[in-house]
Structure formats: C-alpha cells, structure tokens
Amino acid sequence: MALSHAQLVATLQQTSPTLRRLTSTLADRALDFRSAPDEWSIREILAHLVDDEIYVMRIRLERIVKEDRPSLAPHDEKGWYASRNTTRDQLAELLGDFDLQRAASLGVITMLRESDWARTGHQPEYGDFTADEWLTHWVTHDTTHLRQIESILEVYQTQSADK
C-alpha cells in the first residue's frame, strides 16, 4: 500500500532525529568502522546523505516542478564520494549540515501544490517518474541508509564485545 504525502513527509522529518539518535555519541572508531572492506563506514554514509540532500534529491524535485519533463543526469555516488570535499566530515558538522539541508528540502516539499506532484522528469537509471514517485524514492533512500547504519553498528558492537 502506497504511503500518503503526509506519511512520506513525516518519515523524512524523522531522518534527522534518527541519525542523531544512532550516531551522536559514537567515537571516531565506530564512525569509521567498515563492516566489510568494500562497504561504506557510518561517517561516509552521513556524508553521502548530506551530499545527496544538497546535490541530488532536492534539486531533482525542484527541476521536476519547475521544468517541463527535465532530463536529469545520472549520479555516480561512488565517483562523487571519491573526489568530494571532506573538510566538513566531523560528526557534528555532518549532522548539522544534514539538519540544515533537510529543513530546506522539507520547506520545498511542503510548499508544493497537489498538481506539482504529477509533474514528471526523466532519468536514465529510473526512466520517467513523477514528483510523487521521486518523494517515495527519497524516503526509500533514507530508510535504506538508516538500516545500513543500524547494521554496521550491530557488527561493530559484536566485534568490539569480542575483543
């Protein structure tokens, strides 16, 4: 069953407090722990969420609403992360930056009219999708990364307890 806009927005509103609950007391060792060599650390996930909020999620929604069927560029998250600016990757900065960017995104989302949700964009990875479908994707993206952080913490705590 599809979630309503109100439910989707409520989920997006909970991401910042959930990130803080999960990470705000973690030491650098936990933030930089990798559950597998090719997996991201919690710090890298937080940075990814900040970057996506600024450069992908909100911008795609804005373009869908403002332009007629915009062609949206693919996003190479691994390539982006490999060359991104890491000077604001301390935990407090990441959490603060995410809070600020998410508040801006929610400001955009909550001002949209019902007709805006039916507007479409095109992206090579996803094909055609509406603003409404993008909002659902956004929530799924958040949920996936929150679960990923929880999973990393479980592995970290298990391995730390074994030492």
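The structure presented is a predicted model; accordingly, all values stated were derived computationally and were not measured.
A pairwise comparison of heavy atoms in Arg58 and Val108 identifies CD-CG2, 4.0 Å as the closest pair. Between Glu39 and Glu44, the closest heavy-atom pair is O-OE1, 4.3 Å. His145 and Leu49 make their closest contact through CD2-CD2, 4.0 Å (heavy atoms, listed as atom of the first residue, atom of the second, distance). Closest non-hydrogen pair, Ser71 versus Arg63, comes out as O-NH1, 3.3 Å.
When the options Thr143, Leu8, Leu12, Asp52 are evaluated for a side-chain contact (heavy atoms from CB on, under 4.5 Å) with Trp138, the one that passes is Leu12.
Separation of atoms CD1 (Ile149) and CD1 (Ile45) is listed at 5.0 Å; rounding is to 0.5 Å. With values rounded to the nearest 0.5 angstrom, Leu100 atom CG is found 10.0 Å from Glu53 atom CD. Considering OG of Ser105 and CD of Gln13, their distance stands at 12.0 Å, rounded to 0.5 Å. Atoms CG and CG, on Leu95 and Asp97 in that order, are 9.0 Å from each other to the nearest 0.5 Å. Note: Arg102 CZ to Ile109 CD1 = 7.0 Å, rounded to the nearest 0.5 Å. For the atom pair CG of Leu61 and NZ of Lys66, the computed distance is 10.0 Å after rounding to the nearest 0.5 Å.
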Run the numbers on Tyr126 and Glu133 for side-chain contact (heavy atoms from CB on, under 4.5 Å), then give the verdict.
CA-CA 10 Å; Tyr126 307 116; Glu133 290 167 328; over 6 Å; no
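The pair Arg113-Asp116 meets the salt-bridge criterion, since a charged nitrogen lies less than 4.0 angstrom from a carboxylate oxygen.
Under a 3.5 Å cut-off, the side chain of Trp134 and the backbone N or O of Trp117 do not form any donor-acceptor pair. One N or O on the side chain of Gln123 and one on the backbone of Glu125 form a donor-acceptor pair closer than 3.5 Å. Remark: side-chain polar atoms of Arg43 are not paired, donor with acceptor, to backbone N or O of Leu94 under 3.5 angstrom.
Donor-acceptor pairing under 3.5 Å is lacking for the side chains of Asp132 and Thr130. Looking only at atom types and distance, the side chain of Ser16 has a donor-acceptor partner in the side chain of Asp99 under 3.5 Å away.
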